[in-house]
2 protein chains.
Amino acid sequence: MAAARNTPDTSPEARAQLLEAQDRFIASWGRMGSVWGISRTMAEVHALLYITGQPMCTDEIMERLGVSRGNVSMSVRSLLEWGVIEKVRHAGDRKEYFQAEQDVWSMLRAIARERIKREVDPLLDALDEIGELAPQVEAKSQEEIRALHKRLDEIRDGFGLITTLAHKFAGPRGAGLQTAARLLAKAPVGRKRTHERTRKGDAS
Amino acid sequence: MAAARNTPDTSPEARAQLLEAQDRFIASWGRMGSVWGISRTMAEVHALLYITGQPMCTDEIMERLGVSRGNVSMSVRSLLEWGVIEKVRHAGDRKEYFQAEQDVWSMLRAIARERIKREVDPLLDALDEIGELAPQVEAKSQEEIRALHKRLDEIRDGFGLITTLAHKFAGPRGAGLQTAARLLAKAPVGRKRTHERTRKGDAS
DNA sequence: TTCGATTTTCAGATTTCATTGAAAATCACT
DNA sequence: AGTGATTTTCAATGAAATCTGAAAATCGAA
């Protein structure tokens, strides 16, 4: 039977709900992906692998998400580069399977790392270059040029600080976030979440 | 003469360099804008106002950036909503002038605030919703559904923590970043900046 | 209130980016 | 090496975001 690996003894209704919930998550994560400048499909593939937790092959992903083979191939490659999924081989099966990193923090760190690489580092480089471009503060009365440098430096310092901070978290062994965050999260500062923690259960 | 407000006694070459450097900054900031999912023009307008520090009217912006009137109008409106620029009126002049917030940190906070609003909050809302969608852990053997909830909760907690942290910084009076960052930046953690601090001058 | 200067709006043109699909390349196994 | 299954690449297509420009609305001054 094709039911194998994927289907424990679960009622059809419950299974439908499971799939529905997964799809919702995939859709949300995909939407966020676009907002973040990541292709929607790439985000969806990741969401699918993360939320199911199971290794899946190209065809399974294609089918579940309804996207083309080429698209899956490219998305999977990027995700591998990001280090948020990994290849898994099944003995006696030629297909490649992919599985998502299951530790949330390591995953979030990977995302942060990539985003900094794409969104901040190039700007810092550009700022350095520009700073060197216009250093001729020949004489007095060059008020504007000095002002330019001041602003460039301020921006650079700002982003530099953020980057340093972020690297500490995003770095390979950045255990930092959890602890640091928890630490900082303590002091009261007008928390403003609009919806409450509505999770029930957990009881038993 | 038209030279007025904008032109102190500066040599033409120095002025050219100034403009060149400004343009480079504008271009870089604009490029980042696209990466961030902000329209390039909006980012460029902001860059222009920030780096010159001067209030400018629609026509000046149009001319300097070479974009249409409508585009400037829309960009300026968004920037006002973000709270990173403000209107300035000159007595006896009907035109509206715009000036960028000059404090870097307040500016960075504004940017962070907007990005969280667009990039994280909707995801958290969606996660809550999904969590409620599939709560029927009817019996035992519903391993997969429990696993789903576990993953949803983990992601939600992760982002929740990040959001809390970020709100602390991005909040209206979030003096936090500077101090907190400086604090955290102290402990040594394999700084990896690829280029050195090359700013000279500052001497005299 | 009237008038002209200024700003806003928005349908259509343009540009940018993601996706497809099929051909080419790769690869595991014999 | 040969073979067929699997993956990768990439030109062409499609979709989405952005921008323009001119008409309509707004606004301040007289």
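Numbers restart at 1 for each chain; the letters A, B, ... are given by sequence-line order, proteins then strands.
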Hey, what are the protein-to-nucleotides 27-30 of chain D N/O distances that come in under 3.5 Å?
{"residue": "dC27(D)", "atom": "O2", "partner": "R94(B)", "partner atom": "NH1", "Å": "3.3"}
{"residue": "dG28(D)", "atom": "O4'", "partner": "R94(B)", "partner atom": "NE", "Å": "3.4"}

Determine whether R40(A) and V35(A) make a side-chain contact, defined as any pair of heavy atoms from C-beta on separated by less than 4.5 Å.
-> no
Y50(A) vs F25(A) side-chain heavy atoms within contact, under 4.5 Å | yes
Rounded to the nearest angstrom, tell me the gap between atom CD1 in I38(A) and atom P in dA16(D).
-> 19 Å
Residues 78-93 of chain A vs salt bridge (charged side-chain N to carboxylate O under 4.0 Å, His left out), sequence neighbours excluded, gives K87(A)-E96(A)
When rounded to whole Å, the CE to P distance for the pair M62(A) and dA5(D) reads 16 Å
What residues form a salt bridge (Lys or Arg N to Asp or Glu O under 4.0 Å) with D59(A), not counting sequence neighbours?
-> R69(A)
Within the structure, does a side-chain N or O atom of S39(B) lie under 4.0 Å from either OP1 or OP2 of dC19(D)?
-> yes
Every protein N/O lying under 3.5 Å from an N/O of nucleotides 15-17 of chain C:
none

Any N/O pairs under 3.5 Å between the protein and nucleotides 8-14 of chain C? List them or say none.
{"residue": "dT8(C)", "atom": "OP2", "partner": "S73(B)", "partner atom": "OG", "Å": "3.1"}
{"residue": "dT9(C)", "atom": "OP2", "partner": "R77(B)", "partner atom": "NH1", "Å": "3.4"}
{"residue": "dT9(C)", "atom": "OP2", "partner": "R77(B)", "partner atom": "NH2", "Å": "2.3"}

Could D153(B) and R156(B) be called an ion pair, given the rule that one side-chain N must be under 4.0 Å from one carboxylate O?
-> yes
May I ask you to decide if the ring planes of F159(A) and W29(B) are parallel, tilted or perpendicular, using 30° and 60° as cut-offs?
-> perpendicular
Spacing between I61(A) atom CD1 and dT19(C) atom C1', to the nearest angstrom = 16 Å
More than 12 non-hydrogen atoms from neighbouring residues, nucleotides or ligands closer than 6.0 Å to CD on E63(A), yes or no?
-> no
Minimal heavy-atom distance between S75(B) and V45(B), with the atoms involved, is CB-CG2, 4.1 Å
M42(A) CE to dT20(C) C1', in whole Å, measures 19 Å
Calculate, to the nearest 0.5 Å, the distance between atoms CG and CD belonging to D23(A) and E44(A) respectively.
-> 9.5 Å
Minimum side-chain heavy-atom gap I26(A)-H46(A) below 4.5 Å | no
R31(A) CZ - dA17(D) P separation (whole Å) | 13 Å
In whole angstroms, the gap separating P of dT7(C) from CE of M56(B) amounts to 13 Å
Those residues that, when tested against E101(A), pass salt bridge (Lys or Arg N to Asp or Glu O under 4.0 Å) (two or more places apart) = none
